[in-house]
Amino acid sequence: MSTTTEQAWKPLSRDGMAARAARDIPEGWYVNLGIGVPTLIGNHIPAEREVILHSENGVLGMGPAPEKHKENPWLINASSQRISLRVGASLVHHADSFAIVRGGHLDLCVLGGFQVAENGDLANWSHSPKEVARQIGGAMDLAVGAKRVWVVMEHVTKDGQPRLLRRCTYPLTAGACVTRVYTNMAVLDVTPAGFKVAEIIPGMSFSELQARTEAELLR
Amino acid sequence: MSTTTEQAWKPLSRDGMAARAARDIPEGWYVNLGIGVPTLIGNHIPAEREVILHSENGVLGMGPAPEKHKENPWLINASSQRISLRVGASLVHHADSFAIVRGGHLDLCVLGGFQVAENGDLANWSHSPKEVARQIGGAMDLAVGAKRVWVVMEHVTKDGQPRLLRRCTYPLTAGACVTRVYTNMAVLDVTPAGFKVAEIIPGMSFSELQARTEAELLR
Amino acid sequence: MIDKFVRSMAEAMDGIRDGSVVMIPGFAEVGAPNALIDGLIEQGATDLTVIINATGKPRVAGAKVTGFARLVELGRVRKVVTSFVRAGSVCGDAVKAGTVVAEVIPQGTLAERIRAAGAGIPAFYTPTGADTLVAEGKEIREYRGRRCVLEEAIHADVALVEAWMADRWGNLVFRGAGRNFNPLVAMAAELTIVQTHHVCDLGQMPAEQVMTPGIFVDRVLHLPVGDPKLPI
Amino acid sequence: MIDKFVRSMAEAMDGIRDGSVVMIPGFAEVGAPNALIDGLIEQGATDLTVIINATGKPRVAGAKVTGFARLVELGRVRKVVTSFVRAGSVCGDAVKAGTVVAEVIPQGTLAERIRAAGAGIPAFYTPTGADTLVAEGKEIREYRGRRCVLEEAIHADVALVEAWMADRWGNLVFRGAGRNFNPLVAMAAELTIVQTHHVCDLGQMPAEQVMTPGIFVDRVLHLPVGDPKLPI
């Protein structure tokens with residue numbers, strides 16, 4: 001590939017990925033947004049579109065970040081950030097909150113990812129079974145429990161290694177759970193046959209995307 | 001036994017049994033009173049003794065029967081009788097109500113009984129495995145879940161058959177659960193060795209009580 | 001704008017199919033969605049499996065048969081899962097006649113099996129019933145020295161719910177002992193239909209006081225039907 | 001007269017033994033019983049197993065180590081059961097050094113295992129974690145076409161609870177997102193000790209709005225400690 005071809009496209013920023021995913025969330029859905037880029041999605045859902053955001057710590061109906069002097073110290077989200085409540089919100093305890101998650105009541109959860117395999121396997125909590133720091137949180141519950149699981153992540157690692165794989169090499173969060181992936185280069189659906197490309201960023205070709213992906217892509 | 005001996009004692013009435021059991025319930029206990037005679041116990045606990053009564057349908061802190069014109073149509077007990085709430089009462093849903101029962105949080109439940117065996121087995125819901133009408137209700141949960149299970153019942157059936165047995169002949173409610181029995185003739189503790197007589201009604205002898213009991217009684 | 005209110009009973013009952021599993025809460029008349037049961041009778045679905053604790057009292061001569069008993073009397077119920085079948089009740093007679101199959105289980109196990117469905121727990125162990133007829137054919141395992149029965153979640157196609165107050169998101173509160181099985185069945189069904197005594201604007205229910213969050217609710221019908229009847 | 005209020009921290013902590021299993025709720029600083037943790041530090045019990053979701057953030061140079069992290073730093077914790085151990089936190093360092101054993105499990109499984117203990121459920125199946133490292137050594141069974149893991153209840157000797165308001169029967173309400181694990185741990189422990197911001201007369205909490213009924217509570221200490229700190 002020539003230098004000019006390389007310059008023909010620009011990967012999406014973190015906010016750009018969040019905005020892209022936000023476009024696909026319709027009014028009326030109950031949605032959990034994971035830590036990191038997924039949390040940013042909330043900023044890109046217009047206030048007049050009623051999407052009801054869930055947070056693992058017992059909040060259903062999160063509103064936007066509060067203004068500085070209007071913070072309520074008793075309201076935080078699963079990322080420990082101060083939040084507001086939407087009119088119509090409800091608060092429950094942790095078992096009821098995870099009954100919402102595990103009972104299949106969320107229309108969607110959006111998670112960050114380290115790796116996604118072509119069968120929908122997700123790895124997003126650990127780089128190795130030997131790792132001491134283990135940060136599972138609610139990810140395994142969400143990945144198994146939500147009706148749809150979308151992953152938002154960079155298409156490749158900082159070292160340029162692919163994240164969309166034939167098979168995950170990191171410990172799994174859940175098997176065959178991901179239904180759609182939003183990267184900084186493309187939107188891909190997980191189908192029985194593998195990753196199907198729904199959208200590529202302007203200026204990037206299918207083969208350029210494939211070159212950055214270990215799994216075989218379908219058009 | 002001569003006729004004069006027979007007349008030397010008088011079995012307790014239903015209210016008498018209830019009053020006797022009520023005497024042994026100390027302040028601060030959380031107690032479920034089953035349908036029938038056990039429900040009458042509530043009338044014999046003085047209002048100033050704070051005993052907190054639970055009902056399976058989600059009521060903790062039942063008060064006395066309401067006055068005629070002060071009935072609240074939204075408040076009933078497990079016997080479908082109108083009730084009042086004590087100051088300090090709380091209301092929960094059915095799963096939380098049975099979490100109280102099954103989680104071992106009640107200090108005591110008092111149940112009616114058909115038969116009690118000397119090892120504490122209780123039969124109080126069915127006369128035969130073939131019976132069509134089956135009325136289990138919360139009895140099995142209560143018998144298994146409460147810290148103590150007392151049974152209040154007539155000492156013998158209407159036909160004079162004993163109810164305190166070596167082994168129950170009716171289908172069980174729960175095994176080895178009963179800790180104490182209040183009958184219209186005696187109070188008996190269930191011990192590892194069998195029924196131990198704690199009290200006999202005035203005028204009745206130990207042998208007269210034994211004559212009306214299939215299981216062997218301990219003094 | 002999310003609006004879960006429906007305008008008619010027909011709209012509330014739309015799509016309930018023959019052969020459905022239907023959950024009906026209530027303890028005696030308190031918290032029972034009687035108007036929705038009437039709607040279901042009108043709607044016509046048959047061959048139903050009904051999960052209900054309050055299967056009804058013995059028949060009273062001359063008294064009109066209503067609610068769940070009426071559904072049974074009309075031959076619309078194939079099976080009932082409950083903790084109580086009373087001799088001489090409409091349901092008891094149908095069980096005796098063999099026209100309705102009854103699965104009678106402990107009341108706490110019934111509540112927990114419904115909650116389990118709502119919470120994504122396919123099965124759990126409980127000591128309740130372990131030494132009894134209700135354990136027949138069920139797996140037994142010992143925990144902490146006690147025999148426990150393996151019990152499975154009960155899922156439903158439809159739940160009928162009676163609420164005291166509802167808003168357009170389907171947030172609910174219940175009154176007094178009317179809560180009973182209502183919040184549980186709301187979680188355990190594919191389609192949750194609510195009759196509510198009162199309606200409020202979004203935000204009028206304090207967030208801490210919502211008893212059933214709207215995520216569990218699909219349709220709400222405003223029916224100010226009055227207080228539960230006195231038990232006979 | 002039932003009166004669950006205690007007058008001093010010493011009275012609140014009385015009898016907690018070495019080797020106890022202690023549950024500590026809270027999500028970040030919200031709903032965390034920090035004053036009671038300080039009381040436990042003072043009281044001296046050691047060799048503790050702690051059930052806690054919020055094991056703490058990475059160390060900040062110069063910042064004072066407080067709460068659960070301080071308990072760990074003092075060498076009083078033998079084992080932690082949690083959903084999160086962060087690299088560079090006091091707890092993470094202790095796990096790395098091998099002085100604390102960590103059982104890290106999914107957050108929903110943690111909540112449900114605590115609830116199960118309170119509700120008398122010795123074990124349950126869940127699909128969460130079935131295809132992962134957390135299922136290692138655990139029994140797997142298939143329900144509705146999904147692999148599920150068998151998980152056991154977690155019981156505790158002691159639960160520390162933070163409430164917003166309490167009465168002398170131990171009825172509690174929580175504020176905002178401060179509810180989190182508080183009602184669950186209150187049900188799952190032999191001894192439940194509460195710190196409350198506010199006290200009210202019996203009957204001032206409407207019966208429908210009580211979040212934790214007093215039956216789950218043993219001791220209450222009135223400590224108006226102020227709002228949770230801002231997350232850093």
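We name chains A, B, ... by the order of the sequence lines, and we start the count at 1 in each one.
Heavy-atom neighbours of A:E216 CD from other residues, nucleotides or ligands within 6.0 Å: at or below the threshold of 12. Around CZ of A:R167, the count of heavy atoms belonging to other residues, nucleotides or ligands within 6.0 Å does not exceed 12. At most 12 heavy atoms of other shown residues, nucleotides or ligands fall within 6.0 angstrom of atom CD in D:E190.
For D:G129 against A:M140, the heavy-atom pair with the smallest separation is CA-SD, 4.1 Å. The two atoms that bring D:V85 and A:Q135 nearest to each other are O-CG, 3.7 Å, heavy atoms only. The two atoms that bring A:P73 and D:P228 nearest to each other are O-CG, 3.6 Å, heavy atoms only. Between A:I136 and D:P106 the shortest heavy-atom distance is CG2-CA, 3.8 Å. For the pair D:A177 and A:L75, the tightest heavy-atom approach, listed with the atom from each and the gap, is N-CD2, 4.0 Å. Scanning all heavy atoms of the two residues, the minimum distance from D:Q107 to A:E56 falls at OE1-CB, 4.2 Å.
Comparing D:H197, D:M211, D:R115, D:R147 by heavy-atom pairs within less than 4.5 Å of chain A, the highest count is held by D:H197. Heavy-atom pairs under 4.5 Å with chain A were tallied for D:K96, D:R175, D:E112; the largest tally goes to D:R175. Interface check for chain D: of the options A:A176, A:G175, A:A89, the most heavy-atom pairs under 4.5 Å are formed by A:G175. Here A:G137 is the residue among A:A174, A:G138, A:G137 with the most heavy-atom pairs under 4.5 Å with chain D. Comparing D:T82, D:I105, D:L110, D:N53 by how many heavy-atom pairs each has under 4.5 Å with chain A, the most go to D:I105. Your options are A:A78, A:S55, A:S97, A:A123, and the one with the most heavy-atom pairs under 4.5 Å with chain D is A:A78. Ranking A:L85, A:D96, A:V92, A:V101 against chain D, the residue ahead of the rest is A:V92, based on heavy-atom pairs under 4.5 Å. Per-residue heavy-atom pair counts under 4.5 Å with chain A were compared for D:S83, D:G108, D:P127, D:S89, and the maximum is reached by D:G108.
At a 4.5 Å heavy-atom cutoff, the contact between A:R102 and chain D is made by side-chain atoms alone. For A:N77, the part lying under 4.5 angstrom from a heavy atom of chain D is the backbone only. With a threshold of 4.5 angstrom between heavy atoms, A:S126 does not approach chain D through any atom at all.
Using a 4.5 Å heavy-atom threshold, the side chains of D:L133 and A:W125 count as touching. Contact annotation: the side chain of A:D141 approaches that of D:T109 to within less than 4.5 Å [non-hydrogen atoms, C-beta and beyond].
In this structure, A:H94 and D:F181 have parallel ring planes: the angle between them is below the 30° cut-off, well short of the 60° mark.
The backbone N or O of A:V144 sits less than 3.5 Å from a side-chain atom of D:R146, completing a donor-acceptor pair.
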